[in-house]
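I have placed the structure first, in the form of structure tokens, so that the comments after it can refer back to it.
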Amino acid sequence: MCIRDSYIAELSIRIGTIYGGITVGFLLQFLKKSEKISKWLTFIGLNILTPILLVFVMLGIENASIEWGYIVLIGFLTCAFSMIIDWLLIRKRQELTNSQKGAEISAVSFMNSLFYPFPIIIGLVGNEGLLAASIFLIVNVVLRNSLGVIIGIYYGSTEGKSIWKIMRGMLLFPPTLGMVMGVILRLCLGNVIPNNIGIDIFRDVTMFIMLALVGLKFRFPKKQEWEEAAISRGIVTRFGGGLLATIPIFFFPLAIPAQVSLIVQSLSPPAVNNTAYANYFNLDGTITSRYITILTLIALILLPLEILVITYFIL
């Protein structure tokens, strides 16, 4: 197998969209109604667009034989390793508020498993890797809308943190409802969503809005704020946790396309919708946006090395 020539153009478009959306959001900060715009984009992104997108994702998963149990495990470990490492590093940091702790844990634990890695996967192994990538995506979505919601309520909610309120908030969270609806429709209708340019456009619009939210919350760290922003800690937890999760991949009976897909996704930067979730749960959106912007840039810098290792040891 070899790297597809077209993936460079596709990846360039994706990266341009990522930083284009962030730039648009950053420019919106200078408007007088920037806070109101942020609230409206959060509402539209999480209550309308994301639930619909999750329905499409559930209906579009292909039917094929694959060792899905191993893929689910890798998806869980990728999140768990980063979350545990970060929690161990910040649990005794008295200078961090609960809002900051919750924002950091969420940012490093839930990676961009769709928008950033899919063009890379297609470039390396073609469409053969998309089934494994889609299963990994579903695992990340489930964790984001269950464990991620619990983290958001626990660290960010100003209300009481009873088990009932946490469970109610998790079950009634709009993206969770969209995911459940997608599962129900999938069980009833099967795979009814073919490759469609309209769905691709809808996905990109949704991601652009989420990226604009990142830009709206982004602030350039001042010299004395770099320690507070803990970029080095974010690098260790996001990419270190992802790297640990890739180790079992080499010992599982997975086809090469699945191995490549899982490695690329495990080492992806933070998800672009983490800022919208931070806004929703009153977590620190500035820290979240810094992590997304800076760690995405670092992921791009490391990408040639990542591809070189994959092509040498796997392809």
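As a basis for the values below, the full set of heavy atoms in this structure was taken, side chains included, without hydrogen atoms, waters or symmetry mates.
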Just how far is it from atom CG of L283 to atom CD1 of I105, taken to the nearest 0.5 Å?
9.5 Å
Do D284 and Y155 have side-chain N/O donor and acceptor atoms under 3.5 Å apart?
no
Once you round to the nearest 0.5 Å, how far does CG of N279 lie from OG of S38?
4.5 Å
For S109, does its backbone N or O pair with a side-chain atom of D86 as donor and acceptor, under 3.5 Å?
no
Checking S289 side chain against T286 main chain: does a donor-acceptor pair fall under 3.5 Å?
no
Would you check if the side chain of T311 reaches a backbone N or O of L308 as a donor-acceptor pair within less than 3.5 Å?
yes
Output for pair (I44 CD1, I209 CD1), nearest 0.5 Å, gives 6.0 Å
Report yes or no: is the cationic atom of R238 (NZ for Lys, CZ for Arg) under 6.0 Å from the centre of the six-membered ring of Y291, at an angle within 45° of the ring normal?
no
Any idea how F26 and F30 line up, ring-wise: parallel (<30°), tilted (30 to 60°), or perpendicular (>60°)?
perpendicular
Give, for atom CG of L297 and atom CD1 of I301, the distance between the pair rounded to the nearest 0.5 Å.
4.5 Å
Under 3.5 Å: donor-acceptor pair, side chain of E67, backbone of L254
no
Check whether T78 reaches the backbone of I74 with its side chain - one donor and one acceptor, N or O, closer than 3.5 Å.
yes
Rounded to the nearest 0.5 Å, what separates atom CD1 in I287 from atom OG in S106?
11.5 Å
What residue pairs, at least two apart or across chains, pass ring pair (Phe, Tyr, Trp, His ring centres under 6.0 Å) with a residue in residues 233-258?
Y70-F252
